[in-house]
Colleague: 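One structure, pasted below without further comment.
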Amino acid sequence: MHERVRRLRLIGRGHVQGVGLRPYVHRLATRLGLGGWVVNATGEVRIEIQGSAAAVAAFVRGLRRIPPPARIDALIRQARPPEAAGPFRILPSAENGSAGMVIAPDLATCPACREELFDPSARRYRYPFTTCSQCGPRWSILGRLPFDRGHTAMAAFPLCAACRAEYEDPADRRFHAQTLACPACGPVLAWHQADGGIAGHGEDALEQAVRALRRGGIVAVKGIGGFHLLTDARDDAAVARLREIKARPGKPLAVLFPDLAQVRRSCRVDATEAAVLTSTAAPIVLLARREDDPLSGLIAPGLDRLGAMLPYSPLHHLLMDALGFAVVATSANRRGAPLCFDNAEALRELSGLADGFLLHDRAILRPVEDGVVHVFEHETLRLRLGRGDVPVTLALPRAAEPVLGTGGQWKNALAVTVEDRMVIGGHCGDLDHPQAQAAWSRECEAFPALFGAAPRAWACDAHPDHVPTQAAIRRARAGEGVVTAVQHHHAHLAAAVLEGRCAAPLLGVVWDGTGLGSDGTIWGGELLAWDAGRVQRVGALFPFTLPGGDLAVRDPRRSALGVLAALGASLDGPRVRGLGYDARSLRVLVRMLETGTGCVATTSAGRLFDAVAALLGHHRPMHYEGEAAMRLEALARRHAGTTHPYPGAVTAEAGWLCLDWRSALLEALAEHDAGRPVERVAARWHAALAALIAAAVAQRSESTVVLTGGCFQNALLLEGTAQLLRAQGRHVYWPRRLPVNDGGLAAGQASVVAGIWGG
């Protein structure tokens, strides 16, 4: 008796395109003797299988074991009447829309391709563009959807006969690999001298780059998402020269290591951090730096963390294998300008910065920075969305009209709602530079269009002087859509709630540097209650005054003056004179505080951190955002065993909670004046702020507390706060997939305007 034939249609959504899923499905179906087909269409993979009931059931079970990075988030099953069925086939992609499509990020070189790269008997031995269905560029080479070779930068490289045979062979790991190439048909390396002249190709180009780096030179290398500037990370002179030509005097630099063993010579690496370093994302990971680290002390001055990454492309594997030592790998751009990603642009914009250029002829269609993460409680927390992460796709609780979240002025990233999903793009950076603003404007058009969305609703920050806000207003005035401003801290909380699918009622602790409040002051140390689709500000840090307003972002001493005024301290005493201002400047600033002229009130936790850092010795203007606070955290970590906080106070009046830090700071300054180690003072100050948050939350009834905002990049603050809140029995959540900093703002803005999250 013949077993009854079944035919089943399966529709899968998730990371299903550009990740080797169709070849996996083909192999699974063929092994089980099933007929049917698989096709990419409209943001999903569609499969029809036909065969015995047992084989069909085994196929469905096999879909639950698909190898990463493929991922099926939702699987719809539909019974179909049997048909005449031949061998299982991969059909050409259906180009009937791209809404809701989940696109794979760029994937680091897989172990099989890495082994082949160094195998003298392999056809792709030492070929810098080796890939298969499980690795290689995806997002950065995508022109349009769906992800097929003809829609990517690989369309410029027709397959040779040998590659075509691999592409069509179901038994080959390159079966239907859209990025495959070889030395006969794929991209080629080229070495350009400092003046732009071509001086070598292929293996010779690689060797010339190696020689330049061994001499202490600075080399521009075209990676997957853009250009890096590389130089010897052991060489103080080379690192100092790189800082000088990039006008980057103090900001920490990332380091590219040849292998994990060398990372461990410079940093402490636990099992989770090692797994993240070697993952398909291969991001920059912030690691605890060893005191005997052999690398230059100029890489991250004043900090105890190092941004480390491993080779993520065949080109980087070859380069680092030849060098055998770590190199600084920093974004190739002039200060404030966007990342260089085009060959001609790099040769023009980086002239005078690089001693040579290692280029190739595979175009980068979507530039993307390296992702930056750190590991906390064995989980990865994103500090910057980039290569290996983007685009990030979050499921929405219901379908929404297309809305573009335009993000903030700094750490900008875009977000767009597409049916029942939200897609968040990569790091656009700070928008102070005209070139960065132009690149951002182009991305505002290109990013939603890629997903078939044409949003007429734009969500922006409430600050009227920010570039995204002004651009959205101009668009609305031109009749091209509707713009809605979302208060900065509401957007922070909305993004976290969306990612975590947190249920109301909840309390948000939103601490950051600068966000325009609805009362015209600068917020940044907020308690926001969310319930019944409504957000309410229910508390904040005790306010103080910033002389010069936003100028305090660059000069922490201004925050210190405002804090001292809030303490009632003399503005003519040795503590004020010790901040290092000349007499005339100090008179002007003190007069501003006395009269209120040019001053802005703030509840900013970020500026409070800056003020304390300045009062404990960080007197110079900041070279990069958060420098003073990061150095204060590094000091505190040296005395992390100190858990006894300075005493603060929380006052409650008419439902308003004031987190009063003044008594804690007075005791901290008294200890500092008494000669106690600055590390101890910094550690107790961190503990005091965590205790202050816990004391405020203790007066609220919400069982869920969300921690977000840029200050919670500070692992000491996050750890101390989470421990105290859990001890109260609270459920504590903070973002993992989205940055807690302004990189997550766009997602929150879009979710509020789309009606996904109450505003």
Colleague: To the closest 0.5 Å, what do you measure between CG (Leu431) and CD (Gln470)?
Modeller: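 Between atom CG of Leu431 and atom CD of Gln470 there are 11.0 Å.
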Colleague: With no hydrogens and no angle check, do the side chains of Thr514 and Arg607 hold a donor and an acceptor under 3.5 Å apart?
Modeller: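 Short answer, yes.
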Colleague: Between Trp661 and Phe542 (side chain of the first, backbone of the second, donor and acceptor by atom type, cut-off under 3.5 Å), is there such a pair?
Modeller: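 Checking the backbone N and O of Phe542 against the side chain of Trp661, a donor-acceptor pair under 3.5 Å is found.
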Colleague: Is the terminal nitrogen or CZ of Arg537 (NZ for Lys, CZ for Arg) located under 6.0 angstrom from the six-membered ring centre of Trp656 and within 45° of that ring's axis?
Modeller: no
Colleague: Quiz question: by atom type and distance under 3.5 Å, do the side chains of Asn714 and His686 form a donor-acceptor pair?
Modeller: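 The answer is yes; a qualifying pair exists.
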Colleague: What closest approach, in Å, do Ala281 and Gly388 show between heavy atoms, and which atom pair accounts for it?
Modeller: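 Closest approach of Ala281 to Gly388, heavy atoms only: CB-O, 3.5 Å.
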Colleague: Can you find a heavy atom in the side chain of His490 that is under 4.5 Å from one in the side chain of Val752?
Modeller: no
Colleague: Of all the heavy-atom pairs spanning Val732 and Leu725, show the shortest one and how long it is.
Modeller: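 Looking at all heavy atoms of both residues, the shortest contact is CG2-CB, 3.6 Å.
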Colleague: Kindly indicate, with the supporting measurements, whether the criterion side chain to side chain contact (heavy atoms under 4.5 Å, CB included) is fulfilled by Val418 and Met422.
Modeller: CA-CA 6 Å; Val418 185; Met422 181 180 292; over 6 Å; no
Colleague: Are any non-hydrogen side-chain atoms of Lys411 and Glu625 less than 4.5 angstrom apart?
Modeller: yes
Colleague: Determine yes or no for a side-chain-to-main-chain donor-acceptor pair under 3.5 angstrom, with His466 supplying the side chain and Asp461 the backbone.
Modeller: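 Such a contact is absent between His466 side chain and Asp461 backbone.
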Colleague: Are a donor atom and an acceptor atom from the side chains of Thr417 and Glu401 found within less than 3.5 Å of each other?
Modeller: no
Colleague: Under a 3.5 Å cutoff, is there a donor and acceptor pairing between the side chains of Asp742 and His492?
Modeller: yes
Colleague: If only atom types and distance count, is the side chain of Asp420 paired as donor or acceptor with the main-chain N or O of Ala400 below 3.5 Å?
Modeller: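 No, the answer is negative, given that no donor and acceptor are paired below the 3.5 Å cut-off.
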Colleague: Of all the heavy-atom pairs spanning Ser604 and Asp512, show the shortest one and how long it is.
Modeller: OG-O, 3.3 Å
Colleague: Taking C-beta and beyond as the side chain, do Cys658 and Val650 meet within less than 4.5 Å on heavy atoms?
Modeller: no
Colleague: Would you indicate whether the side-chain heavy atoms of Thr721 and Val705 approach each other to under 4.5 Å?
Modeller: no
Colleague: Could you tell me the separation between the CG atom of Leu385 and the CG atom of Leu738, rounded to the nearest 0.5 Å?
Modeller: 6.5 Å
Colleague: Is it true that the side chains of Thr330 and Arg248 contain a donor and an acceptor less than 3.5 Å apart?
Modeller: yes
Colleague: Check whether Tyr733 forms a cation-pi arrangement with Arg730 (NZ or CZ under 6.0 Å from the six-membered ring centre, at most 45° off the ring normal).
Modeller: no
Colleague: How close do Leu394 and Arg737 get, heavy atom to heavy atom, and via which atoms?
Modeller: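 The answer is CD2-NH1, 3.6 Å.
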Colleague: Any side-chain to backbone donor/acceptor pair from Thr603 onto Ala540? Under 3.5 Å, distance only.
Modeller: no
Colleague: Is a salt bridge present between Arg554 and Glu627, judged by a nitrogen-to-oxygen distance below 4.0 Å?
Modeller: no
Colleague: Distance from Arg557 atom CZ to Leu586 atom CG, nearest 0.5 Å?
Modeller: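 Rounded to the nearest 0.5 Å, the CZ-CG separation comes out at 9.5 Å.
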Colleague: Within the distance-only criterion (no hydrogens, no angle test), does the side chain of His463 pair as donor or acceptor with the backbone N or O of Asp465 below 3.5 angstrom?
Modeller: yes
Colleague: Any side-chain to backbone donor/acceptor pair from Arg305 onto Leu286? Under 3.5 Å, distance only.
Modeller: no
Colleague: Can you check whether Trp685 reaches Leu665 side chain to side chain, under 4.5 Å on heavy atoms?
Modeller: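 Result yes, sub-4.5 Å side-chain heavy-atom pair found.
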Colleague: About how many Å separate CZ of Arg475 and SG of Cys460, when rounded to the nearest 0.5 Å?
Modeller: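 Rounded to the nearest 0.5 Å, the SG-CZ separation comes out at 12.5 Å.
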Colleague: How long is the span from the CG atom in Leu564 to the CG atom in Leu593, to the nearest 0.5 Å?
Modeller: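 Atom-to-atom, Leu564:CG and Leu593:CG are 9.5 Å apart.
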Colleague: Do Thr521 and Asp519 meet the criterion of a side-chain donor-acceptor pair at a distance under 3.5 Å?
Modeller: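 Indeed, the side chains of Thr521 and Asp519 share at least one donor-acceptor pair under 3.5 Å.
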Colleague: Between the main-chain N or O of Leu414 and the side-chain N or O of Glu443, is there a donor-acceptor pair closer than 3.5 Å?
Modeller: no
Colleague: Please walk me through it: do Arg366 and Leu450 pass side chain to side chain contact (heavy atoms under 4.5 Å, CB included)?
Modeller: CA-CA 11 Å; Arg366 308 198 63 81; Leu450 183 64; 4.1 Å; yes
Colleague: Do Val706 and Leu493 come close enough that some side-chain heavy atom pair is under 4.5 Å?
Modeller: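 Yes, side chains in contact.
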Colleague: Let me see the working for Ser140 and Asp106 under side-chain hydrogen bond (donor to acceptor under 3.5 Å, both in side chains), right down to the final yes or no.
Modeller: CA-CA 7 Å; Ser140 60; Asp106 301 302; 2.9 Å; yes
Colleague: Under 4.0 Å between a side-chain nitrogen and a carboxylate oxygen: does that hold for Glu349 and Lys246?
Modeller: no
Colleague: Does Glu379 reach the main-chain N or O of Phe376 with its side chain, forming a donor-acceptor pair under 3.5 Å?
Modeller: no
Colleague: May I have the step-by-step check of side chain to side chain contact (heavy atoms under 4.5 Å, CB included) for Leu381 and Val740, ending in yes or no?
Modeller: CA-CA 9 Å; Leu381 276 63; Val740 294; 5.7 Å; no
Colleague: Under the side chain to side chain contact (heavy atoms under 4.5 Å, CB included) rule, what do Trp139 and Asp389 come out as? Steps first, then yes or no, please.
Modeller: CA-CA 10 Å; Trp139 174 250; Asp389 277 328; over 6 Å; no
Colleague: Looking at CD of Glu702 and SG of Cys502, how far apart are the two atoms once the value is rounded to the nearest 0.5 Å?
Modeller: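 If I round to the nearest 0.5 Å, the distance is 13.0 Å.
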Colleague: What closest approach, in Å, do Ala565 and Leu571 show between heavy atoms, and which atom pair accounts for it?
Modeller: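 What the structure gives for the nearest pair is N-CD2, 4.2 Å.
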Colleague: Looking at Cys599, is its backbone amide N or carbonyl O close enough to the side chain of Thr545 to form a donor-acceptor pair, meaning the two atoms are under 3.5 Å apart?
Modeller: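 Answer holds: no.
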Colleague: Between the side chain of Gln487 and the main-chain N/O of His489, is any donor-acceptor distance below 3.5 Å?
Modeller: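 It does hold such a pair.
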Colleague: For Trp734, does the six-membered ring have the charged nitrogen or CZ of Arg736 within the cation-pi criterion, i.e. under 6.0 angstrom from the centroid and within 45° of the normal?
Modeller: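 Yes - Arg736 lies over the ring of Trp734, closer than 6.0 Å to its centre and within 45° of its axis.
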Colleague: Tell me, do Arg591 and Thr595 make a side-chain contact under 4.5 Å, heavy atoms counted?
Modeller: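 Side chain of Arg591 against side chain of Thr595, heavy atoms only: contact under 4.5 Å found.
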Colleague: Minimum heavy-atom separation for Ala634 to Gly302, with atom names?
Modeller: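 Looking at all heavy atoms of both residues, the shortest contact is CB-O, 3.8 Å.
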Colleague: Indicate whether the side chain of Asp432 and that of Trp410 have a donor and an acceptor atom separated by less than 3.5 Å.
Modeller: yes
Colleague: Using a 4.5 Å cut-off on heavy atoms from C-beta on, say whether the side chain of Trp523 contacts that of His488.
Modeller: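 Not in contact.
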Colleague: Do the charged groups of Arg387 and Asp370 touch, with an N to O distance under 4.0 Å?
Modeller: yes
Colleague: Quick one: do the Ser559 and Asp610 side chains pair a donor with an acceptor below 3.5 Å?
Modeller: no
Colleague: Walk me through it: do Glu719 and Arg726 pass the test salt bridge (charged side-chain N to carboxylate O under 4.0 Å, His left out)?
Modeller: CA-CA 11 Å; Glu719 179 181 29; Arg726 286 168 176 161; over 6 Å; no
